[in-house]
Number of protein chains: 2
Amino acid sequence: MTKSRVTVVDIAHAAGVSKSTVSLVLQASPLVNEQTRAKVNAAIRELGYVYNRGAANLRQTASSKIVGIVVNDLTNSFFAELAVGMDMVMQSAGFVQFLANTGESIDRQREVIASMREHGISGLIISPARGTEAADFKPLTASGVPVVVVVRNVAGAKVSSLLSDNRAGARAATEHLISLGHRRIAFLGGFADTAVSGERMQGYREALSAAGLDADASLVVNSAPSRAGGVAAIERAMLISERPTAALCFNDAVAFGVCDGLRARGLEPGRDFGVVGFDDVIEAQTAVPALTTVSVDPQGMGRRAAQMLLKQINSGRVEAEATIASVRLVVRQSCGAKTKTWDGGKTWDGGTSHDTAPGDTGSDTVGTDRRQHDRA
Amino acid sequence: MTKSRVTVVDIAHAAGVSKSTVSLVLQASPLVNEQTRAKVNAAIRELGYVYNRGAANLRQTASSKIVGIVVNDLTNSFFAELAVGMDMVMQSAGFVQFLANTGESIDRQREVIASMREHGISGLIISPARGTEAADFKPLTASGVPVVVVVRNVAGAKVSSLLSDNRAGARAATEHLISLGHRRIAFLGGFADTAVSGERMQGYREALSAAGLDADASLVVNSAPSRAGGVAAIERAMLISERPTAALCFNDAVAFGVCDGLRARGLEPGRDFGVVGFDDVIEAQTAVPALTTVSVDPQGMGRRAAQMLLKQINSGRVEAEATIASVRLVVRQSCGAKTKTWDGGKTWDGGTSHDTAPGDTGSDTVGTDRRQHDRA
DNA sequence: GAGATCTATTGGAACGTTCCAAAATAGTCA
DNA sequence: TGACTATTTTGGAACGTTCCAATAGATCTC
């Protein structure tokens, strides 16, 4: 059934030319005569030839047109969207991507990176699993394969990175809650030992102290960065003697869980308790109440990371570049700020029970992109 | 910087053996002497050798250890989980996967399949974009590459398929709502022209007619199969003169949107209106109220599809096999059935306003797997 | 009409593996 | 010792591409 592959030689034979000429046609070289080109293309169609990139990649000058993408949790829509953004850019650039999910397992991560390396990727974008070390990228960078780290930084790694401005975003979100009159603001979800969580918590603390509020450690409740974790976190937060009236959540998944948990105890998010998320996944817009959140634009971030990688692949230069993408606070209903009325059935009244100056409406970009160069 | 690649010949030289011996060591052949093996392995570590699979794949007997995975919408958590399931199995089997998102674009799909083919995939799993035709797989199957179609069937394609029993699932879900006393049950979301939607609607109609209820066409409201689509669908459904009291939703995303829309007009899902979803994505469990849904187990389905593909790759025989996976109804809170009390704060009372016999509690598997063989 | 200058085309040697046939080495037995 | 096995090892020819250097043919220039 599976007859032996059709190769350039077969095409050459059928078209009455040499294999070199066929190769030139395949590369759309201007050197070849139009009639010859037509003949060759006809033969290609006729015989059902498929280009064998593996063979072409053997010549050491060639680039494989394959990149690797490694993410730590594809079931989290933030990372799924990140991957989709990368996919868009890579497809358009004629690249095809290996994608692997590590599920936060360092071992799996090591394995898939090794495997991708054997298959000859010409670049890698990775959202590293917790506990990833700079040494994990060493073999890759040593052989000149550019690496872009996204979302989570890896200390000491001489690779490019694209992170978001977690500190500024968290600070802006917290300031917003303060401007709405909240004085007891919790920080819910996430693990304290991760860099991302640390940065967001720092922004949260900065805003509190700038407003002269003291950072009560009991208001910080760690949990898994998931919807279920959010439910657990708000439950624990409500046990505190002096209850919080609002919360900045580690990410949107946690924020949704917090909303679920509030409802389960008869509290309506937005009206009885201010909730702010982080990431701005698609569902944040359509949820009821719509989630006030810090927009990181995961798809855009994915696209941008892909562009960074492509630039490095094409330039041949491996120059590590650290970019911190700006984020913006998107004010919707869940924080309790007064915004446009909601048009589904009865009019939504976003008024809070704290009766303060109305907060910002719409969105607000925080900080600007910072970029710094570094020799690899 | 990027010195020329280290090859088997370099290893052979360093270890004082021939390249053939190195090759045998790489393949863990029992033919080679233990001491020699040790020497070679030492040299491999020493020189930082990386196996070049591309070169190995040139020999026509070899299999590439690469599979392609094509999904129509990775931002939908159903498909993200499907992909994660496949990833798990493929990683364990030592395969690496190209993953591409088509976003329902037939053109993108054609491009990525062609691209993957050039890179030498040894199998493909695809959740086809709307409008995919049997001819789109022809080039692949003609060259002996096994293809497994998941989730959506492609009429006339001589490839393996793994679908879920949509008809039986929808029927069971509808019967459940009927047993709770509902008489006006809507079918919300999805596009009527897709096979999956058609099957689910068929199950819905069967249950209605079996119960002697007439299928009022105005109770079927199409919309995008997304959360936003669900909001839109319930809004339109509430405009019907004789309002529905419950709804079977095309999928979980729509069901969540329906819950959002209900709340926006002051109705509480589960208490004031019965909502049933389809798919059982992870959030269905933790949402409040927890979503009653037909569990398709996307991760399990992904794993199963991957196993089907691997079996075909390893056997060498391309024998099309059509499997229809059974589904089970998981009764939680959103349908209004009496279940275990909810333990978050005040006790949850799931009683409906329709005061009928209590529905099933727990889950219920519908039908059994059907399998049929077919020559390719 | 002999170079020179283009334009098209073409062998052949890589690239890094595998695998076959063959050879080298060591061990066994009469 | 010589024949025979069993165990290890090894050249060398693929695999399907690219790319360099060389060539052939056409056109132009003096």
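Just so it is clear: chains get the letters A, B, ... in the order the sequence lines come, proteins before strands, and each one is counted from 1.
Taking the side-chain hydrogen bond (donor to acceptor under 3.5 Å, both in side chains) definition, one finds that B/Thr102 meets it with nothing, sequence neighbours left out. Residues satisfying the ring pair (Phe, Tyr, Trp, His ring centres under 6.0 Å) test with B/Phe98, not counting sequence neighbours, are A/Phe98, B/His119. For A/Glu104, the side-chain hydrogen bond (donor to acceptor under 3.5 Å, both in side chains) test picks out A/Asn72, A/Arg152, with sequence neighbours left out. Applying the side chain to side chain contact (heavy atoms under 4.5 Å, CB included) test to A/Ser160 and every residue at least two apart in sequence or in another chain returns A/Val148, A/Met308, A/Gln312, A/Ala320, A/Glu321. Residues satisfying the side-chain hydrogen bond (donor to acceptor under 3.5 Å, both in side chains) criterion with B/Asp87, sequence neighbours excluded, are B/Gln91, B/Gln97. Residues forming a side-chain hydrogen bond (donor to acceptor under 3.5 Å, both in side chains) with A/Glu111 (at least two apart in sequence, or on another chain): none.
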#### Entry: Test log, rule side-chain contact (heavy atoms from CB on, under 4.5 Å), inputs A/Asn52 and A/Val8
CA-CA 9 Å; A/Asn52 183 333; A/Val8 274; over 6 Å; no
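Rounded to whole Å, the distance from CG on B/Leu31 to C1' on D/dT9 is 10 Å. Note: CZ (B/Arg37) to P (D/dT8) measures 10 Å, nearest angstrom. Straight-line distance from the CG atom of A/Asn33 to the C1' atom of D/dG25: 12 Å, rounded to whole Å. In this structure, A/Gln35 places its CD atom 13 Å from P of D/dA26, rounding to the nearest Å.
Residue A/Thr21 places at least one side-chain N or O closer than 4.0 Å to OP1 or OP2 of C/dT10.
Residue pairs that meet the ring-ring contact (aromatic ring centres under 6.0 Å, His included) test with at least one member in residues 37-84 of chain B, sequence neighbours left out, do not exist here.
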### Task
Sugar-phosphate means primed atoms, P, OP1 and OP2; the rest is base. With that split, encode nucleotides 12-18 of chain D 5' to 3' as B, S or - using protein heavy atoms under 4.0 Å.
BBBBBBB
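The rotation axes computed at either terminus of the helix from C/dG1-D/dC30 to C/dA30-D/dT1 lie 60° apart, taking five pairs at each end and rounding to 10 degrees.
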